[in-house]
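For reference, the structure is listed below as structure tokens.
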Amino acid sequence: MQPAAMNCNNGTETKDYDLYCNLQAMCLNLFLIGRVHAGKAWVSGMKTRKGHKVYPLTVAQKFHNYYAQYSPGKEILNVGTSLTIEFELNIEELRKAIYKAYDRCESMRARLAYDKAEDQWYQYIADREEREIEFVDFSEKTMEEAEAEMTAWTRVPFDKEDAPMNKVVIIKTPDGFEGLFIAGDHRFIDAQSLICFMKDVIELYCSANFEGIPYPSDMRSYIEQVEKELAYEAGSKAQARDREYFYRQIQESEPIYNGLEGRKKLEEARAAAGNPDLRTAPTGSDSFAAAIDIFHLEEEPTGRLMKFCEEQHISLQCLLIMGIRTYLQKINQCDDVSMQIAYARRATLLEKKSGGTRIHCFPFRTVISESKTFLEGIQEIRDKQNEVFRYVNFNPAEYLSYRGQYYQTPPGMGYETVSLTYQPATLKEKGLTDLGDIRYKTKRYCNGYYSDGMYLTVMHRTEDNGLDFSFEHQTKAYSREQLEYFYYYICKIMFKGTESPNLKIGDIIKLV
């Protein structure tokens with residue numbers, strides 16, 4: 001997924017610097033355009049393309065569509081993943097299951113259409129997918145060669161009108177596992193919809209080929225969910241309520257930048273601006289070039305964290321936020337900490353099973369004194385998260401634009417250096433239990449570009465339910481070594497805090 005804010009460093013490449021600054025400075029245009037066209041939603045919805053009714057893009061889609069204009073490569077929008085099973089599959093039967101899953105999932109048959117007169121993108125749903133689903137056998141290659149080829153697939157943009165917005169390949173990997181590779185455009189796919197589609201393929205396959213396996217329950221309508229989104233965006237009471245909430249939060253006081261390596265960038269920005277009270281600094285670099293570095297937490301220590309969360313009635317996301325903010329609090333000597341949090345917005349059955357992309361990212365700010373205990377801090381985070389959840393249908397671009405205007409934020413500057421998403425669901429936790437003890441694996445592939453400094457995705461490994469900390473980052477902003485150091489301290493803080501939850505935060509900071 002991509003971040004909700006784009007910022008830049010004062011790099012030597014003037015062209016790239018201007019490009020980055022335009023991203024933030026022009027966010028206002030994005031949400032204003034979105035509000036104007038949302039008001040036309042039902043009129044525009046009467047348009048047709050190749051006999052299909054078309055619909056405007058939602059806020060979540062428009063944000064991806066917008067920043068992609070400024071990326072050196074449109075593959076910045078791509079998401080690539082593989083799911084493989086330690087089992088010999090019938091390739092033709094698997095192909096049938098994939099076609100059936102396409103039939104059942106509208107969002108995977110989505111197409112883009114561009115209206116030149118309006119200078120706007122629209123979307124519609126094709127009747128069926130008839131393109132060939134290729135089978136690639138990597139048995140004679142090394143795992144590194146196989147992964148390099150799948151990475152290359154991930155870096156081919158889906159940027160053509162009236163064309164599929166995803167690619168599915170049946171694969172056999174060098175370790176003997178078999179399954180699927182899926183690459184998709186982020187405007188039509190996110191982590192939760194990807195899991196939902198892959199689960200549907202496997203359940204359809206199992207139902208057709210094994211006795212006693214029930215046929216999976218129906219998917220839900222993507223278009224129905226899009227219509228709900230557009231109705232919300234067209235000046236609804238719910239939108240007005242959410243706007244009031246977030247504007248009030250912004251107006252309370254200005255956040256402050258906290259760097260992964262302390263206050264160095266903030267002090268440099270203050271010196272460059274001649275303003276000792278400046279509270280913003282660059283959060284990325286002047287290059288989009290990106291990589292993914294993953295660090296693994298074993299099953300047993302993961303289990304200890306999960307047990308603490310269960311006993312204290314909190315989510316692991318709250319614990320992760322506590323670990324990250326306490327590290328930033330320590331390294332910056334500042335109680336006021338902000339980060340970007342991704343909200344999946346999949347509470348209802350329609351939202352969960354309609355596919356598409358539904359992620360909204362918002363800054364999450366906490367001011368927690370070192371005199372409070374670790375448990376008090378995490379409970380405060382839980383309560384604040386529960387509050388924010390009620391308002392996250394709001395347009396994040398409008399949030400950021402209003403905040404930038406309100407505090408006259410300099411172009412290319414920001415407050416949040418960390419973006420976080422926690423993906424609690426694995427395929428089995430989503431209901432795919434009929435595989436029994438058959439092992440399966442999933443893997444992400446980097447598209448090569450990223451629009452901000454660093455994005456951390458924490459997810460459970462399929463093999464052992466341990467945690468993978470996946471850092472997608474601009475290579476010029478952060479090195480693997482810097483991120484490993486960050487990961488190490490996040491874990492130290494979480495374990496020390498869960499072992500001694502009544503310790504004061506200041507004491508934990510000293511101990512780690």
Side-chain angles (χ1 to χ4, degrees), residues 1-5 27 31 34 58-60 63 190-192 228-229 232-233 236-258 283 309 312-326 328-329 335-348 351-352 357-369 372 375-404 406-407 414-425 452 455-458:
M1 138 174 195
Q2 305 303 327
C27 255
F31 92 78
T58 65
V59 160
F63 195 82
D190 61 22
Q192 297 301 313
K228 286 180 178 288
E229 292 282 298
Y232 169 90
E233 294 165 19
S236 65
K237 290 182 179 179
Q239 184 194 47
R241 176 204 65 196
D242 298 345
R243 178 178 291 115
E244 181 184 359
Y245 171 80
F246 279 119
Y247 277 31
R248 188 170 62 249
Q249 296 290 309
I250 290 168
Q251 293 165 5
E252 285 181 357
S253 62
E254 185 179 12
I256 188 167
Y257 173 94
N258 285 278
T283 64
C309 291
Q312 299 298 333
H313 306 290
I314 59 165
S315 68
L316 184 60
Q317 176 165 300
C318 291
L319 180 57
L320 290 165
I321 292 171
M322 185 65 184
I324 292 168
R325 74 157 315 283
T326 303
L328 293 174
Q329 184 177 16
D335 295 344
D336 187 347
V337 178
S338 298
M339 67 185 78
Q340 293 277 358
I341 302 295
Y343 299 96
R345 301 193 306 130
R346 293 193 186 273
T348 68
E351 292 167 349
K352 290 175 181 176
T357 187
R358 294 194 48 74
I359 293 172
H360 281 185
C361 287
F362 287 96
F364 182 72
R365 181 184 183 188
T366 52
V367 183
I368 303 176
S369 168
K372 290 190 175 182
L375 185 58
E376 288 171 337
I378 207 168
Q379 289 171 339
E380 187 170 321
I381 289 170
R382 177 195 61 195
D383 294 344
K384 183 71 173 179
Q385 281 282 286
N386 288 340
E387 177 183 298
V388 171
F389 284 148
R390 299 198 293 270
Y391 304 96
V392 294
N393 283 327
F394 190 60
N395 185 344
E398 179 175 345
Y399 175 105
L400 293 168
S401 297
Y402 179 75
R403 188 178 70 172
Y406 194 84
Y407 289 109
Y415 307 95
E416 296 83 24
T417 55
V418 180
S419 296
L420 170 71
T421 185
Y422 167 57
Q423 296 176 9
D452 204 1
Y455 190 97
L456 169 60
T457 301
V458 181

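Everything numeric here is computed off the predicted structure, so don't read it as measured data.
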Would Tyr455 and Thr421 satisfy side-chain contact (heavy atoms from CB on, under 4.5 Å), going step by step from the backbone distance to the final call?
CA-CA 8 Å; Tyr455 190 97; Thr421 185; 3.1 Å; yes
Looking at Val392 and Arg345, what are the two nearest heavy atoms and their distance?
O-CD, 3.3 Å
Drop me the distance from Ile381's CD1 to Glu376's CD, to the nearest 0.5 angstrom.
12.5 Å
Indicate yes or no: does Lys228 engage Glu351 in a salt bridge with an N to O separation below 4.0 Å.
no
Work out which heavy atom in Cys361 is nearest to a heavy atom in Pro396; give both atom names and the distance.
O-CB, 3.2 Å
Would you name the heavy atoms of Gly414 and Tyr257 that are closest together and state the gap between them?
O-CD1, 3.6 Å
Between the side chains of Glu254 and Tyr415, is a donor N or O closer than 3.5 angstrom to an acceptor N or O?
yes
Salt bridge check: are Arg346 and Asp190 linked by an N-O gap of less than 4.0 Å?
yes
What distance separates Gln312 CD from Leu375 CG, expressed to the nearest 0.5 Å?
5.0 Å
Sequence neighbours left out, what passes ring pair (Phe, Tyr, Trp, His ring centres under 6.0 Å) with Tyr245? Give chain and number order.
Tyr391
Least distance between heavy atoms, Ile359 atom then Ala60 atom
O-CB, 3.9 Å
Glu244 with Arg241: basic N within carboxylate O range, under 4.0 Å
no
Check against side-chain contact (heavy atoms from CB on, under 4.5 Å), Gln385 and Ile321:
CA-CA 10 Å; Gln385 281 282 286; Ile321 292 171; 3.9 Å; yes
To the nearest 0.5 Å, what is the distance between CD (Gln317) and CZ (Phe364)?
8.5 Å
Just wondering, do Arg358 and Asn393 contact through their side chains at under 4.5 Å, heavy atoms?
yes
Taking Gln329's backbone N and O only, do any of them form a donor-acceptor pair with Asn258's side chain (distance below 3.5 Å, no angle check)?
no
Does Arg382 reach the main-chain N or O of Ile314 with its side chain, forming a donor-acceptor pair under 3.5 Å?
no
Approximate separation, where rounding is to 0.5 Å, of Ile324 CD1 and Thr417 OG1:
9.5 Å
Does any non-hydrogen side-chain atom of Val59 lie less than 4.5 Å from one of Tyr232?
no
Are Glu252 and Arg365 side-chain neighbours, meaning at least one heavy-atom pair lies under 4.5 Å?
no
Centres of the Tyr399 and Phe394 rings: under 6.0 Å?
no
Determine, for Arg403 against Glu416, whether the closest basic-nitrogen to carboxylate-oxygen distance falls under 4.0 angstrom.
yes
Could you check, using the six-membered ring where one of them is a Trp, whether Tyr402 and Phe246 have ring centers closer than 6.0 angstrom?
no
Nearest 0.5 Å, what's the OG1-CG distance between Thr366 and Asp335?
9.5 Å
I'd like to check Pro363 versus Leu400 (side-chain heavy atoms, cut-off strictly below 4.5 Å). Are they in contact?
yes
Do the side chain of Tyr407 and the main chain of Ile250 share a donor and acceptor less than 3.5 angstrom apart?
yes
Atom pair CD (Gln249) and NZ (Lys384), whose distance is rounded to the nearest 0.5 Å:
3.5 Å
